[in-house]
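A short write-up of the structure that comes next.
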Amino acid sequence: MKELNIEKLHIAVGDQEIVRGLTLRVPRGEVHALMGPNGSGKSTLAKVLAGHPDYHVTAGKILMDGEDLLELDPDERARRGLFLAFQYPSEIPGVTIANFLRAALQSRLPEGEELEATDYYAKLYEKMELLGMDRSFTSRAVNEGFSGGEKKRTEILQMAVLEPQYAVLDETDSGLDIDALKTVAHGVNSLRGPDLGILLITHYQRLLNYIIPDYVHVMVAGRIVRSGRKELALELEERGYDWARDGATEPAYR
Ligand code: ADP
Ligand code: MG
């Protein structure tokens, strides 16, 4: 089965359990929004998917196309086609976006294989065109002095160039004004397709006005308390997270 399958997952930091029995399936070709109040464990889940060493999976499993993700190092996960856009992307002074993305692509090739410069730039510019980005952008250092919107745009460009099978976007809308939000949404929407599964983590409903998800899941206190179609996001906006939590009995999905 081509899906990212998270099953009864428990995650602890130190002796504190943050994710508590989370089950979620993201098939390729679908966009699943994961919503929840601050502190519910959304970013913790994203970090565990990336393989962050400070977060420990104490129970449950994560399978990507049937393969045990937790057995893989972070770079192997990336090579298998998992992409993460972080809530707070790092700055890499002195490294241009063009060189950074080239190194990222190169590192995914089998040993001894060289990425041709002409092929690379053709691909880079094709993706930038798709996303409506100016070429001059790529000669800037990664995230250095970038606005919130520019950082997110860089993440989206990275995703476009790496062509992942699964993408986890953590709060890609945070700190964005409405124009930047639309740009990011346009980017995600143009990359959407049958080969890509997207887990879109967001605190606010407004992003989902521009990226219409196939499914919406509500996470409260480390587990999914409700799942539904896109209308759930609207209902949530109206009634709040307490409503979502109060209605829940079992951790549910789909
Ligand atoms: P969200 O992204 O949903 O806002 P987080 O996953 O960032 O939530 O955080 C969930 C909870 O886990 C919070 O109470 C947070 O303080 C705690 N937490 C997250 N990371 C750490 C850490 N490295 N050390 C201690 N507590 C953490
Ligand atoms: Mg977060």
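Both ligands and their constituent atoms are indexed starting at 1 by order of listing. These values consider heavy atoms only, across backbone and side chains, with no hydrogens, waters or symmetry-generated copies. Fair warning: this is a prediction, and the values are worked out from it, not measured in the lab.
Looking at Gly39, Ala12, Gly222 and measuring to atom 1 (P) of ligand 1, the nearest heavy atom belongs to Gly39.
Close contacts of ligand 1 with Pro37, meaning ligand atoms under 4.0 Å from a residue heavy atom, involve 3 (O). Shown in contact with Asn38 at under 4.0 Å from a heavy atom are these atoms of ligand 1, numbered in order with element: 4 (O). Every atom of ligand 1 with a heavy atom of Val13 under 4.0 Å away is listed here by number and element: 22 (C), 23 (N), 24 (N), 25 (C).
Using the six-membered ring where Trp is involved, His217 and His32 have ring planes that are parallel, under 30° apart on the 30 and 60° scheme.
Nearest to atom 9 (O) of ligand 1 among the protein's heavy atoms is Thr44 OG1, 3.9 Å. The nearest heavy-atom contact from the protein to atom 21 (C) of ligand 1 is Tyr55 OH, 3.6 Å. Looking from atom 7 (O) of ligand 1 to the surrounding protein, the closest heavy atom is Ser43 CB, 3.6 Å. Counting only heavy atoms of the protein, atom 26 (N) of ligand 1 lies nearest to Gln16 OE1, 3.9 Å.
Residue-to-ligand polar distances place Gly41 within reach of ligand 1: an N/O pair is separated by less than 3.5 Å. The shortest N or O to N or O distance between Ile18 and ligand 1 is not below 3.5 Å. Distances between N or O atoms of Lys47 and those of ligand 1 include no value under 3.5 Å.
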Residue pair Arg226, Glu235: steps toward the salt bridge (charged side-chain N to carboxylate O under 4.0 Å, His left out) verdict: CA-CA 11 Å; Arg226 256 175 211 267; Glu235 203 167 1; 5.9 Å; no

Which is it for Asp214 and Arg192 under the salt bridge (charged side-chain N to carboxylate O under 4.0 Å, His left out) test, yes or no, and what are the steps along the way? CA-CA 11 Å; Asp214 296 298; Arg192 248 176 128 148; 3.7 Å; yes

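Annotation: the span from Met133 atom CE to Lys127 atom NZ amounts to 13.0 Å, rounded to 0.5 Å. Here the straight-line distance linking atom CD of Gln205 with atom CG of Leu234 works out to 5.0 Å at 0.5 Å rounding.
The backbone N or O of Lys8 lies less than 3.5 Å from a partner atom in the side chain of Thr23, making a donor-acceptor pair. Proximity of a side-chain donor or acceptor of Glu113 to a complementary backbone N or O of Pro110 within less than 3.5 Å is not detected. Checked by atom type and distance alone, the side chain of Arg77 pairs as donor or acceptor with a backbone atom of Leu69 at under 3.5 Å.
Across Leu199, Ile198, Ile212, a single residue satisfies side-chain contact (heavy atoms from CB on, under 4.5 Å) together with Val31, and that is Ile198.
Taking 2.8 Å as the criterion, Ser43 counts as a coordinating residue of the Mg ion (ligand 2), since one of its N, O or S atoms falls below it.
Taking a 4.0 Å cut-off on heavy atoms, Gly14 fails to register as neighbouring ligand 1.
Within a 4.0 Å radius of atom 15 (C) of ligand 1, the protein contributes no heavy atom.
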